[in-house]
Amino acid sequence: MTKKILILPGDGIGPEIVAEAVKVIDCLRAHHGLAVETEHALVGGAAYEAAGSPLPEATLALAREADAVLLGAVGGPQWDALDRPLRPEQGLLGLRAGLELFANLRPAILYPQLAEASSLKPEVVAGLDILIVRELTGGIYFGRPRGVETLPDGRRRGFNTLVYTEDEIRRIARVAFEAARRRGRRVCSVDKANVLECTELWRQVVTETAADYPDVELSHMYVDNAAMQLVRAPKQFDVMVTTNMFGDILSDEAAMLTGSIGMLPSASLNAEGRGMYEPIHGSAPDIAGRGVANPLATILSVAMMLRHSLDEPELAARVEAAVGEVLDQGLRTADIAAPGTREVGTAEMGDAVVAALRT
Ligand code: NAD
């Protein structure tokens with residue numbers, strides 16, 4: 001059956017990098033039997049300019065109908081002064097909430113060809129392949145009550161609420177265990193159970209859920225130690241699963257181990273396995289319009305889409321292999337350029353991946 005992909009280029013470098021990912025999808029359709037239809041819509045600042053909202057109803061409706069959404073990036077300084085509900089980033093949050101995308105998958109993979117790009121010693125990071133599974137729609141970012149109030153004595157008091165129900169914990173734990181089964185069969189659950197009751201429950205529920213996955217090894221780690229271990233000996237991890245806020249922080253830390261923000265994809269999935277796929281970086285206004293952005297994170301997001309929402313794991317592996325091949329050829333965009341490599345622009349990099357896919 002033909003599946004539907006909604007393409008949301010967004011702002012800044014978004015349209016440039018998404019155009020290269022679309023070339024990859026078109027190549028898979030023309031030469032590798034991928035049965036998909038694509039449709040484009042507006043989100044972020046581009047949608048605000050055209051329709052007065054960062055997430056027009058029409059875009060959300062199309063996203064709900066689609067099997068998968070491919071997003072470039074949103075945001076830019078020209079929209080920073082808008083009221084919060086009108087800012088581009090609200091388009092992203094609205095999509096996450098509207099599609100109930102509770103599971104965020106962020107691989108941190110170091111391509112051997114890029115080992116020198118990491119700020120850590122090559123021997124510490126060579127072969128790094130971690131998957132961080134972050135809970136995305138609960139926890140302290142959404143808990144109520146929240147706010148800033150003024151006390152009777154005039155002092156201001158700010159407060160947020162960390163809250164998880166056991167079903168929220170169980171469903172994200174399942175995503176992590178299922179993912180581990182497709183990889184190294186090890187899950188490390190990260191919490192702060194020694195201080196926070198809510199994550200004491202997290203630890204209990206993850207442990208209960210592990211009973212359904214006897215083939216996967218479960219360990220637990222406090223978040224402060226996890227942050228340290230990620231820079232000390234990151235290769236000890238296979239899959240890490242954690243709360244919304246801890247995952248936000250740890251996934252950025254893990255991404256930086258690989259040295260290049262332009263290489264890392266992400267997936268945000270709902271209970272039916274439908275999802276939104278996007279590079280982890282932002283709209284990079286500093287380089288937008290110059291044709292120098294790295295499109296590989298977006299192309300690798302297509303690979304994640306093939307694997308997680310389109311049930312095409314072999315095509316996913318082909319795309320990943322094609323990216324490896326262009327790196328082997330020595331092609332690099334400016335963000336990953338190194339002595340002895342050939343610097344190319346966004347479109348040339350996309351064309352090279354397509355050429356590698358066709359052979
Ligand atoms: P950024 O990720 O856009 O850029 C950080 C640095 O990395 C910049 O120097 C940029 O040039 C570089 N960079 C990023 N992607 C690159 C690529 N593909 N190739 C080469 N270099 C790349 O982060 P920022 O500057 O903090 O944010 C810029 C805008 O993006 C802001 O409006 C922010 O709100 C938004 N943002 C959006 C998302 C998203 O859409 N998911 C995520 C983060 C930030």
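Remember, it's 1-based here, ligands and their atoms both numbered in the order they're listed.
Near Ala73, meaning under 4.0 Å from one of its heavy atoms, ligand 1 places the atoms 40 (O). Atoms of ligand 1 lying under 4.0 Å from any heavy atom of Ala293, numbered from 1 in the order shown and given with element: 19 (N). Residue Gly75 has at least one heavy-atom neighbour below 4.0 Å for each of these atoms of ligand 1: 32 (O). For ligand 1, the atoms closer than 4.0 angstrom to any heavy atom of Glu278 are 41 (N).
Atom CG of residue Leu230 and atom CD1 of residue Ile132 lie 6.0 Å apart, to the nearest 0.5 angstrom. Note that CG of Leu315 is 9.0 Å distant from CG of Leu357, once rounded to the nearest 0.5 Å. Between the CG atom of Leu70 and the CG atom of Leu6 there is a distance of 9.0 Å, given to the nearest 0.5 Å.
Proximity of Leu306 to Leu28: side-chain heavy atoms (C-beta onward) are separated by under 4.5 Å at one or more points. Counting heavy atoms from C-beta on, the side chains of Thr207 and His220 come closer than 4.5 Å.
Under the 4.0 Å distance rule, the nearest protein heavy atom to atom 6 (C) of ligand 1 falls outside the cut-off. The presence of a protein heavy atom under 4.0 Å from atom 24 (P) of ligand 1 is ruled out. Atom 20 (C) of ligand 1 lies below 4.0 Å from at least one non-hydrogen atom of the protein.
One N or O on the side chain of Thr59 and one on the backbone of Leu42 form a donor-acceptor pair closer than 3.5 Å. Arg274 contributes a side-chain N or O that, together with a main-chain N or O of Arg64, makes up a donor-acceptor pair within less than 3.5 Å. For the pair Lys192 (side chain) and Asp224 (backbone), a donor-acceptor distance under 3.5 Å is absent.
By the 3.5 Å distance cut-off applied to N or O atoms, Asp80 is not counted among the residues near ligand 1. Looking at ligand 1, you won't find any N or O of Ile287 less than 3.5 Å from one of its N or O atoms. At least one N/O-N/O distance between Gly76 and ligand 1 falls below 3.5 Å.
The proximity of Ile17 to ligand 1, defined as any non-hydrogen pair under 4.0 Å, does not occur for either the backbone or the side chain.
Comparing heavy-atom distances from atom 8 (C) of ligand 1 across Asp286, Asp335, Asn294 singles out Asp286 as nearest. The option from Gln78, His281, Arg87, Met263 that lies nearest to atom 14 (C) of ligand 1, judged by heavy atoms, is His281. Of the options Gly262, Ala297, Pro279, Gly282, the smallest heavy-atom separation from atom 1 (P) of ligand 1 is shown by Gly282. With distances taken over non-hydrogen atoms, the option nearest atom 13 (N) of ligand 1 out of Asp11, Leu8, Ile261, Asp252 is Ile261.
No side-chain donor from either of Gln90 and Arg87 sits under 3.5 Å from a side-chain acceptor of the other.
When Arg185, Arg183, Arg186 are each tested for a side chain to side chain donor-acceptor pair (under 3.5 Å) with Asp238, only one passes: Arg183.
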